[in-house]
Structures are given as C-alpha cells and as structure tokens.
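The residues of the chain are indexed from 1 along the displayed sequence. Just so you know, ligand 1 is whichever comes first in the structure, and atom 1 is the first atom listed for that ligand. Predicted model only: the values in this text are computed from it and were never measured.
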Amino acid sequence: MVHMRRLLRVKGDVLCSMLLLLLFCLLFYARQVALMFLQNLYLPALKLTDPKLDTHKPQTKTKTPQAKSKIQVKAKGKSKSRRKNAAKPTRPALATLPPFDFEGYLKAKDNRNFSLLIDQPDKCYIDGQIAPYLLIAVKSVAADFDKRQVVRRTWGREGSFPNGVTIRTVFLLGVPRNQSALPLWDRLLEYESQSFKDILLWDFEDTFFNLTLKETHFLTWVNSSCAHIKFIFKGDADVFVNIENILELLAGQEPEEDLFVGDIIVKARPIRRRSSKYFVPEFVYGGSLYPSYAGGGGFVMSGYTARRLSSACQQVELFPIDDVFLGMCLQQIGLKPLRHQGFRTFGIPRPSAAPHLQTFDPCFYRELMVVHSLSVPQIWLMWNLLHDPKVSCHNRARVTSKPFSWKFDNRLETKGQSTADTDYRDTQVFLTY
Ligand SMILES: *[C@@H]1O[C@H](CO)[C@@H](O)[C@H](O)[C@H]1NC(C)=O
Ligand SMILES: *[C@@H]1O[C@H](CO)[C@@H](O)[C@H](O)[C@H]1NC(C)=O
Ligand SMILES: *[C@@H]1O[C@H](CO)[C@@H](O)[C@H](O)[C@H]1NC(C)=O
Ligand SMILES: *[C@@H]1O[C@H](CO)[C@@H](O)[C@H](O)[C@H]1NC(C)=O
C-alpha cells in the first residue's frame, strides 16, 4: 500500500512538471501571437507579395539565389496569412541603402516631362492602319537583356493569332543610373531596337522610385502613338503570363469602354516604418489608406481606359510608388479597378496548400494567368511545357470534366469594401495535383 502511494506521488510529480511545461509553452505561443498581431497592426503591408521576392524592383538585386529559384505564385487575393507574410521584416540587404530623399523628390516632381530617346512609331500600325488587338508592355532595365529575350520568345511573342488577334510588344526603359556597370548600354539598346523594334527608352534615370515616370510616359506614348489599341497588358519581365487565358478574359469585352482588371489591393495602409522599401512619410502622403490599386506582376486595361488615364495621370501629383500612383489616377477618373475571380487562384497560401509548386506542373500553369518571380530558364521551360502537345495532365479526366473557364460576367466582381477579406477561400482545383 505504501509502495503504491509512493508510486502515485511520483506520478503526480511528473504530471505536475508536464503541466508546468505545457503552461510555459502556451505563454510563449501567446507572446508570439501577440507580437505578430502588433506587427500587423502597426506595419501594415502595402505589397501583399513577399517583398523579398519582388525581383523586378531594381533595388532587390542583391537577394539570395534560393529566393529566386523558388516559384512564387502571385497573390491575387487578400488573406490574413499573406498580410502576415508581407509584414515580416525582411531584406537585410535593403537596410544598408541610403534613405530615400523625399524632400528632394517633392522639389523635383514638377519636372515630369522627359524626352523619348528611342521610339517605335510604327509599333501600333499594321499595314499602315489596323491597330493591334493587344499591346504587351513590359517594364525592364537595360541590363536585363536575357529577360527581354525570353519574354520575346515566349509569352510576349508578337504576331497574329486565331480570330484576328494581333499582338505587339514593347519594353519600357529608362537610362541606367550606374552606367559603368554596363558599358555601351546605349549601343546595346540601339541594336536591340534595330533587331526587334520593341524598345521604348526615356531620358530619366531607371530607378525604383522613377517607375512612376515610366507609367506616365508610357500612357502618354499610348495616347499619342498607339491611340487605337484595343487592350493593353502591362507587367514585369520576371513573370510568366498565360496569354491565352488573358485573351479569353478579353473576349467579348468592349475596347471603347472602361476596363481595368488585375490583382487589386484595397484598403492598403501607407507604410510608416523607415526601414521598409515602401516607407512613405506623412508629409508625402497624409491619408491613412491608399486608393485601390493593382499589385505588380501585371494588369489588363482597355485602350479607352489607358487614354483616359494618360490625361488623368497628368493631373495627379507624382507619387514614388508606381502601383499606388496609378491607383490615384484611377480614382481621379472615378474608375473602380476590378478583381477577376479567377485571380483568386493565385492567392493560395503557401506552402501548406500548394507545396507541389516547387515542381513544374504544366497542368497547374495551364490555369494561371500571371505567375510571379520566375527565372529566365523557368519562364522558358514553363512556356514550352504549356505548348507541348505531348505533355498531358496526369489526371486530365478530372480536369476536363469540369473545364476551367475565364468567363467574365459571373467571375468578375466589382471591387468594394466587402470583397477585401471576405471572399477568400482556397481553391480546391489546385490541391488535386
Ligand atoms: C510637358 O510637355 C507637354 C508637351 O510637350 C506640355 O504640354 C506640358 O505642359 C509639359 N508639362 C510640364 C509640367 O512641363
Ligand atoms: C557601378 O558598377 C560598377 C561595376 O559593376 C561597380 O564597381 C560600382 O561600384 C558601381 N557604382 C555604384 C555607384 O553603384
Ligand atoms: C528620376 O530621374 C531623374 C532624371 O534622370 C533624376 O534626376 C532623379 O534623380 C530620378 N529620381 C529618382 C527618385 O531616382
Ligand atoms: C491625348 O491625345 C489627344 C488626341 O491626340 C490629345 O488631345 C490629348 O491632349 C492627349 N493627352 C495627353 C495627356 O497627352
């Protein structure tokens, strides 16, 4: 009996220790959660994509090769998990950059007219008159010849396609800031322009904070040199774009009506944390929320909207973040940008829902519109897999039994307060691969 009681007491001690340990773990967890919550509260995400992976921004060139090799699906929806991701302090490399001179920016921002050094005046005329159906405009920098080349050979290919669809492509460039990094850069662009007739070069420095100038100058160019274009896709060079899906999205749309579709970010708050790449002080933007804007990667608009934006953007004061600036122009013309329902599929929270994204699965890409942060070989491989008749999806029967559709009317929803966080759900279709 005594023996039994002693045994019980020992057991009780062990149980007690375990309970204490559990309590400790709970406390620790609660602290982490509280920290995360506070971070979200005070360091709201402007960009919903992980800033580490914004390869197209000139200042992130120093990031690790591992980050680059991972395939990232562009966020097309808002989710709490993504907010957390974006709010995490990252990019140690950027911490060493000199702070951005906002005072200088404000002083210089009336200087917003720069000349076109390389033009493509014939870009939007086919046989002297018929305007192309789709203009693909890709932001690029002089040194990224390889990226331009792979875009030219894959999703940015110019030509005539079924149903009278004609596609033309231009690359938007400024003057490199560090010209000793690429000697004879101007000759390179001249030769490229001669060979491919797709270079637009303006006389401003090609920096991250001058991307807004790229936006306004491109729109002005469209207004004057490509006025009859029906639709425009504008995006980055390190994305994979499924142009067939974009064309399907546009089918039946009216080019002479307003249309602006993309990865629309609503109710984003300006970042007031100095260490962020997207830091904006109050004296530059005093509001507490940005207008709705299309996140990087890419968006689609009608020619009519582009022309309207070109004059609206002249009225809007320059703002150093180009996506947000365009959102301000949209606000100026009173146009609500639309988030395509199909774009939600890009918002799959990683990695739990889609760990297979590490592999090239053409069936997956077949249903996407824009995939973000791909390397040059990845873009090339993906495009070829997608267009290879020998590659078939291993569970094709399942897929085709419920065909994927980009039907516009019932999948397109108007942006609004309610869509910000509520309609986010994992899309089952991708979990099956
Ligand atoms: C920019 O140039 C256009 C035409 O060249 C002119 O109409 C406009 O006033 C200029 N704007 C500024 C701010 O200099
Ligand atoms: C410009 O590029 C050269 C060559 O890559 C490099 O050595 C130099 O440090 C760069 N200068 C600046 C100011 O970044
Ligand atoms: C933008 O380009 C202009 C003209 O080259 C240059 O003076 C200015 O410093 C650039 N601004 C930024 C923020 O890089
Ligand atoms: C756009 O083009 C129209 C017609 O050519 C012209 O009247 C208008 O001033 C242009 N707008 C801008 C912002 O350049």
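- At under 3.5 Å, not a single nitrogen or oxygen of Ser311, backbone or side chain, sits near a nitrogen or oxygen of ligand 4.
- In this structure, the ring of Tyr125 has its center no less than 6.0 angstrom from the ring center of His228.
- Shown in contact with Phe209 at under 4.0 Å from a heavy atom are these atoms of ligand 3, numbered in order with element: 13 (C).
- Within the 4.0 Å cut-off (strictly below), no protein heavy atom is located near atom 9 (O) of ligand 2.
- Ring centers of Phe196 and Phe171: at least 6.0 Å apart, outside the cut-off.
- Ligand-side atoms of ligand 3 in range of Phe114: 4 (C), range being under 4.0 angstrom from any heavy atom.
- Ring-centre distance between Phe260 and Tyr304: not below the 6.0 Å cut-off.
- Between Phe102 and Phe100, the gap from one ring centroid to the other is short of 6.0 Å.
- For atom 14 (O) of ligand 2, the nearest protein heavy atom is under 4.0 Å away.
- Interface of Asn178 with ligand 2, defined as ligand atoms under 4.0 Å from a residue heavy atom, comprises 1 (C), 2 (O), 3 (C), 8 (C), 10 (C), 11 (N), 12 (C), 14 (O).
- Protein heavy atom nearest atom 4 (C) of ligand 2, with residue, atom name and distance: Ala181 CA, 3.9 Å.
- Applying the salt bridge (charged side-chain N to carboxylate O under 4.0 Å, His left out) test between Asp206 and each of Arg177, Lys214, Lys139 identifies Lys214 as the sole match.
- A salt bridge is absent between Asp198 and Arg168; no separation between the charged side-chain nitrogens and carboxylate oxygens falls under 4.0 Å.
- Neither the backbone nor the side chain of Phe208 has a heavy atom within less than 4.0 Å of ligand 3.
- Looking at ligand 3, you'll find an N or O of Thr207 within less than 3.5 Å of one of its N or O atoms.
- Note: no N/O pair closer than 3.5 Å links Asp203 and ligand 3 by distance alone.
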### Task
List the steps, then state whether side chain to side chain donor-acceptor pair (under 3.5 Å) holds for Gln120 with Ser225.
CA-CA 8 Å; Gln120 307 299 334; Ser225 302; over 6 Å; no

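- Closest to atom 1 (C) of ligand 4 among all protein heavy atoms lies Asn223 ND2, 1.4 Å.
- For Phe161, the CZ atom is densely surrounded, since the number of other residues' heavy atoms within 6.0 Å is greater than 12.
- Less than 4.0 angstrom separates some heavy atom of Asn210 from each of these atoms of ligand 3: 1 (C), 2 (O), 3 (C), 8 (C), 10 (C), 11 (N), 12 (C), 14 (O).
- Close approach of ligand 3 to Phe100 is summarised as follows: ligand atoms under 4.0 Å from at least one heavy atom of the residue are 13 (C).
- Counting non-hydrogen atoms of neighbouring residues, nucleotides and ligands closer than 6.0 angstrom, the CD atom of Glu205 exceeds 12 such neighbours.
- Given atom 5 (O) of ligand 3, the protein heavy atom at minimum distance is Glu205 N, 2.9 Å.
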